[in-house]
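Written below as structure tokens is the structure these notes are about.
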There are 2 protein chains.
Amino acid sequence: MRDLLYLKDDQIKDFIEQIFYAYRETYSDPKKVLKKYSFGIAHHKAIHLIERHEGLTVSDLLSKLKITKQSLNRVLRDLVKNKAVSLKKGEIDSRQRQIFLDEKGKKLSEEIFIEQKKRIYNALKNSDADSVIKFKNILSKIINE
Amino acid sequence: MRDLLYLKDDQIKDFIEQIFYAYRETYSDPKKVLKKYSFGIAHHKAIHLIERHEGLTVSDLLSKLKITKQSLNRVLRDLVKNKAVSLKKGEIDSRQRQIFLDEKGKKLSEEIFIEQKKRIYNALKNSDADSVIKFKNILSKIINE
DNA sequence: TGTTTTTGGTCAGTTATATTGACATATCTA
DNA sequence: TAGATATGTCAATATAACTGACCAAAAACA
């Protein structure tokens with residue numbers, strides 16, 4: 001291993017710690033909004049991914065969330081009951097269910113985003129494009145390691 | 001708001017999603033090690049912070065973890081029972097308890113770090129110093145927003 | 001065609017991590 | 001000494017996850 005300053009153990013420990021803080025803060029910002037709908041962070045993550053990938057299947061969502069289908073099912077049941085999302089038979093493969101946001105889900109998704117956006121926007125607004133690209137690039141590497 | 005490409009909503013949503021993935025993957029790496037000791041992620045986070053700030057007080061740890069003292073107490077009880085950490089009366093203020101790693105706790109901390117280090121190290125090893133500095137800088141801004 | 005596999009749903013029980021609220025004790029500070 | 005602070009603890013509850021078992025519908029395959 002090369003003896004680079006930024007690869008020293010303490011530096012790596014800093015990153016491990018900061019990733020935790022960044023996650024915790026980013027995902028606690030929309031708590032009030034979620035509470036208004038009686039939803040939690042599990043619903044939030046599902047809503048986020050459905051909004052970003054409209055029409056995704058249950059197994060698509062499962063593999064993004066990496067939770068069991070029993071866990072996801074509770075969440076989806078809540079969301080459907082609340083008319084935030086709808087499940088429709090898959091067009092190609094009718095065993096599958098494709099998931100879509102209803103009006104209420106779109107509204108919730110927007111409200112959540114307004115809260116979360118602030119933190120990220122403010123962190124990035126004074127950074128140059130190069131910094132942001134590099135940030136994203138390293139984040140991707142961490143995920144795909 | 002300036003109309004910068006990297007501040008477009010979809011880009012910000014990407015970041016929100018990636019922060020989640022980065023956290024999840026980073027903190028699931030040492031699961032096996034933790035299971036060996038019958039500990040979970042809550043114990044992991046406590047051990048991490050105690051290792052980084054030996055002798056910190058219960059309230060120091062509480063404010064870093066942002067959980068209730070009842071939640072932390074379960075974790076500390078487990079760690080003390082397992083001889084991973086020790087609490088000692090505060091030297092200046094004896095109402096306080098200062099937390100230290102025992103031998104077993106140090107060993108566990110190292111085993112955890114070996115697992116977590118790989119991901120971060122590999123993500124950073126081919127990046128130049130400038131990228132790493134910029135990454136850390138934006139992460140800090142996100143946390144302190 | 002009939003069999004096997006895949007996709008999704010569900011029941012039941014359990015675990016891990018956190019919460020709220022109340023109350024107790026020791027110690028510090030004014 | 002009175003009040004504030006740091007910590008610990010009891011009890012009940014919430015949330016998000018898990019394992020394991022089983023079922024039905026639809027697709028894929030032989």
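Note that the structure is predicted; figures quoted are calculated from it, not measured.
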Pair up each side-chain donor or acceptor in residues 138-145 of chain A with any protein partner under 3.5 Å, not counting sequence neighbours, and list the distances.
from, atom 1, to, atom 2, distance (Å)
A/S140, OG, A/K136, O, 3.0
A/S140, OG, B/Q18, NE2, 3.0
A/E145, OE1, B/N122, ND2, 3.2

side-chain N/O [X] vs [N] OP1/OP2, d < 4.0 Å:
X: B/K89; N: C/dT27; value: yes
X: A/R74; N: D/dA16; value: yes
X: A/T57; N: C/dT7; value: no

*What's the shortest heavy-atom distance between B/E51 and B/E54, and which atoms?*
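Closest heavy-atom pair between B/E51 and B/E54: O-CG, 4.0 Å.
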*Closest non-hydrogen atom pair between A/Q98 and A/K89, with its separation*: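 The answer is OE1-O, 4.1 Å.
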*Could you pick out which residue, A/R95 or A/V75, lies toward the 5' side of DNA chain D when each is mapped onto its nearest nucleotide?*
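Mapping each residue to its closest nucleotide by heavy atoms, the 5'-most match is A/V75.
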*asked:* Under the rule for side chain to side chain donor-acceptor pair (under 3.5 Å), what residues qualify as partners of B/K64, not counting sequence neighbours?
replied: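 If we apply the side chain to side chain donor-acceptor pair (under 3.5 Å) test to B/K64, skipping adjacent residues, there are no hits.
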Mind checking [X] for me? I need base, sugar-phosphate or nothing, with any heavy atom below 4.0 Å counting as a touch.
X: B/H43; answer: sugar-phosphate
X: B/S71; answer: base
X: B/T68; answer: base
X: A/S94; answer: sugar-phosphate
X: A/L87; answer: sugar-phosphate

Atom-pair distance ([atom1] on [X]; [atom2] on [N]), nearest Å:
X: A/L34; N: C/dA18; atom1: CG; atom2: C1'; result: 16 Å
X: B/Q96; N: D/dT7; atom1: CD; atom2: P; result: 5 Å
X: B/L65; N: C/dT17; atom1: CG; atom2: P; result: 12 Å
X: A/D93; N: D/dA26; atom1: CG; atom2: P; result: 10 Å
X: A/L76; N: C/dT10; atom1: CG; atom2: P; result: 10 Å
X: A/L79; N: D/dA16; atom1: CG; atom2: P; result: 11 Å
X: B/Q70; N: C/dA16; atom1: CD; atom2: C1'; result: 17 Å
X: A/K69; N: D/dC22; atom1: NZ; atom2: P; result: 13 Å

*Candidates C/dA26, C/dC11, C/dG8 - which lies nearest the side chain of A/R77*: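 Given the options C/dA26, C/dC11, C/dG8, the side chain of A/R77 is closest to C/dC11.
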*Nearest of D/dA16, C/dG8, D/dA6 to any side-chain atom of A/I41?*
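Looking only at side-chain atoms, A/I41 lies closest to D/dA16.
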_No-hydrogen, no-angle side-chain donor-acceptor test under 3.5 Å, A/E25 and A/Y21_ =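 There is no such pair (donor and acceptor under 3.5 Å, judged by atom type) between the side chains of A/E25 and A/Y21.
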*So, B/H53 versus B/D60: side-chain donor-acceptor pair below 3.5 Å or not?*
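Side-chain D/A pair, B/H53 to B/D60: absent.
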*Quick one: bend of the helix from C/dT1-D/dA30 to C/dA30-D/dT1 from 5 pairs per end, to 10°?*
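Here the local axes at opposite ends form an angle of 30°.
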_Aromatic centroids of B/F135 and A/F15 separated by under 6.0 Å_ =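 So the answer is yes for these two rings.
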*Does the side-chain hydrogen bond (donor to acceptor under 3.5 Å, both in side chains) test come out yes or no for B/Y37 and B/E111, once each step is laid out?*
CA-CA 11 Å; B/Y37 288 77; B/E111 288 185 60; 2.7 Å; yes
